[in-house]
Number of protein chains: 2
Amino acid sequence: MDQTDKKILKLLQEDGSITTKEIARRIHLSNTPVYERIKKMEREGVIKKYVAVLNREKLDRDLIVFCNVTLKEHSKIIGHKFVEDITALEEVVECYNISGDYDFLLKVMVKDMKAYQDFVLNRLGEIENIGSAHSTFVMGEIKQSYKIPITE
Amino acid sequence: MDQTDKKILKLLQEDGSITTKEIARRIHLSNTPVYERIKKMEREGVIKKYVAVLNREKLDRDLIVFCNVTLKEHSKIIGHKFVEDITALEEVVECYNISGDYDFLLKVMVKDMKAYQDFVLNRLGEIENIGSAHSTFVMGEIKQSYKIPITE
DNA sequence: ACTGAAAGACGTCGAAT
DNA sequence: ATTCGACGTCTTTCAGT
C-alpha cells in the first residue's frame, strides 16, 4: 500500500460514491490503475464495505447513551453469552470490552429518554450476567467521523 | 417517509454500492420509483452521504481509547475554543458533550500505546481549557455498526 | 406514484507498452 | 504498473398509464 493507495482511500472515505473516473482525474492517473487498486484493496479487506450514512434525527433516534456495564463476578470468564445477547440488540450500535472499573462500554441509540428507560428495564434487564450499569447521556454531538485517520 | 423508503434505507445502510436495479428487484418495483425515492431522501438529508468503511488494523490504528475530559471551571461557559481545538485533531474521531462527572467524551484512534501517550502529552496537553482527563482503553471490539436502527 | 424504454455515463476488462 | 479502447451494465430521464 503506497501513497497512491492512501490518496484513493482518503477520497473514498470522504465520498464512497465518487467515480473511479473522478478519482483518476484528481490523482492524475487513468481509469484502469485506479480501478485495479480499489479492487485489490477490496479483496485484501482494506476496504471492508460501502455504506450509506443516514440522519439520526430524521429517523427518530435523538438520544445516544454510553452505558458502562459490569458482569457478575462468576460470569466474567464465560463472557460469551453476554456478547451474543448484546450483539443481538439493535439499539446497541457499538460494544467494547474495556479496561477500568467496568467490563463493557455500550453505545446505545434510542428515540428518547422513555425509550432508554424501556431499553434498560426490558432489554438489558433480560440479560442474566449483568452486574451493574452506569449511563452517560450525550447532550451534544461535537464531532462524528467515520474516517480512519490515514498517515502519510 | 413510508415503509418502502425504510426498506430502501435498510438496504443502503447494509450496502451503499447496491444498484438501484437490485433494490428494485428486492422490493418488487421498477427502477424509476426507487431512483426517485433515493434522490428525494438525499435531497432532504435523510441520506447524508456514502462512505467507504476501512479496516482499522490494516491502516495502523490498532488502539481505540475513550478519553473523558473535564474543562477548567472558568472555561465551561466559553467551551467554543475547546470544541474548535478538539475538532481539528484527526486522532479524535468522535467527540460528545456528556452528562455526569466529565464534560466531554472523546473517541481517540491511534497506532499504539506509545502514540496515545504522545497524543495526551503533545496534542491534548496543548489545549488550554482542559482540567482533567481519564482514559478508558478498548481491549476488544465486540460490535461496531454504522447503522441507525430503523423502526418499522 | 408507477411502468417501460431509450440515451448517456460509468464500470469493467482485454490488448499493448 | 500504466494507457487506450471496446463492451456491457447502470444511472438518469421521459413519455405514458
Side-chain angles (χ1 to χ4, degrees), chain A residues 1-61 145-152, chain B residues 1-61 111 144-152:
Chain A
M1 206 169 48
D2 59 9
Q3 289 306 315
T4 305
D5 283 333
K6 288 183 179 174
K7 279 182 194 168
I8 294 174
L9 290 177
K10 280 184 184 177
L11 290 170
L12 285 173
Q13 277 199 119
E14 191 69 43
D15 176 9
S17 57
I18 188 173
T19 62
T20 58
K21 196 179 179 177
E22 175 63 15
I23 295 176
R25 196 185 66 77
R26 291 206 206 167
I27 64 176
H28 310 293
L29 272 175
S30 62
N31 266 350
T32 315
V34 174
Y35 175 76
E36 297 289 354
R37 281 166 182 271
I38 292 173
K39 289 301 158 189
K40 180 154 178 281
M41 290 192 285
E42 285 172 1
R43 253 183 285 124
E44 290 171 349
V46 179
I47 299 172
K48 283 197 212 168
K49 57 188 316 203
Y50 300 85
V51 299
V53 178
L54 307 186
N55 191 320
R56 230 181 58 229
E57 277 91 355
K58 305 217 175 186
L59 288 162
D60 261 338
R61 297 283 169 166
S145 167
Y146 296 106
K147 292 182 205 165
I148 312 286
I150 296 179
T151 42
E152 305 303 319
Chain B
M1 206 167 48
D2 59 11
Q3 289 305 316
T4 304
D5 282 334
K6 288 183 180 175
K7 280 182 193 167
I8 294 173
L9 289 178
K10 280 183 183 176
L11 290 169
L12 285 173
Q13 277 199 119
E14 192 70 42
D15 177 9
S17 57
I18 189 174
T19 62
T20 57
K21 195 181 180 178
E22 175 63 14
I23 295 176
R25 195 185 66 76
R26 292 207 205 167
I27 65 177
H28 310 293
L29 272 175
S30 60
N31 264 352
T32 315
V34 174
Y35 177 77
E36 296 291 354
R37 281 167 182 271
I38 292 173
K39 288 302 157 190
K40 181 156 178 279
M41 290 191 285
E42 286 173 3
R43 252 183 285 122
E44 290 170 349
V46 179
I47 300 171
K48 284 196 208 167
K49 58 190 311 204
Y50 300 86
V51 298
V53 178
L54 307 185
N55 190 320
R56 230 180 59 228
E57 278 91 355
K58 306 218 174 184
L59 288 161
D60 260 338
R61 296 283 170 166
K111 179 176 164 53
Q144 166 74 276
S145 166
Y146 295 108
K147 291 182 205 166
I148 311 288
I150 295 179
T151 42
E152 305 301 320

Full working for side-chain contact (heavy atoms from CB on, under 4.5 Å) between A:N55 and B:E44
CA-CA 10 Å; A:N55 191 320; B:E44 290 170 349; over 6 Å; no
Could you walk me through whether B:E42 and B:K39 pass salt bridge (charged side-chain N to carboxylate O under 4.0 Å, His left out), step by step?
CA-CA 5 Å; B:E42 286 173 3; B:K39 288 302 157 190; 3.2 Å; yes
Quick one: do A:R25 and A:E22 satisfy salt bridge (charged side-chain N to carboxylate O under 4.0 Å, His left out)? Show the steps, please.
CA-CA 5 Å; A:R25 196 185 66 77; A:E22 175 63 15; 3.0 Å; yes
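Between A:K21 atom NZ and D:dG5 atom C1' the separation is 13 Å, expressed in whole Å.
In this structure, B:S30 reaches the bases: a heavy-atom distance under 4.0 Å links it to at least one base atom across the strands shown.
Dashed line: the shortest gap from a side-chain N or O of A:R37 to OP1 or OP2 of D:dA1 is not under 4.0 Å.
With rounding to the nearest 0.5 angstrom, the CD1 atom of A:I148 is 7.0 Å from the CZ atom of B:R56.
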Output one letter per nucleotide in nucleotides 12-17 of chain D: B when a protein non-hydrogen atom lies under 4.0 Å from the base, S when only the sugar-phosphate is that close, - when neither is.
SBB---
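Taking both residues in full, the closest heavy atoms of A:T20 and A:V34 are given as O-CG1, 4.0 Å, listed atom of the first, atom of the second, then distance. Contact record, A:R37 with A:T4: NH1-CB, 3.4 Å, taken as the closest heavy-atom pair.
On the nucleic acid side, DNA chain C has its first and last nucleotide under 4.0 Å of a heavy atom of chain A at C:dC10 to C:dG14, going 5' to 3'.
For B:K40, the NZ atom is loosely surrounded, since the number of other residues' heavy atoms within 6.0 Å does not exceed 12.
Without hydrogens or angle criteria, B:K6 side chain to B:T151 main chain gives a donor-acceptor distance under 3.5 Å.
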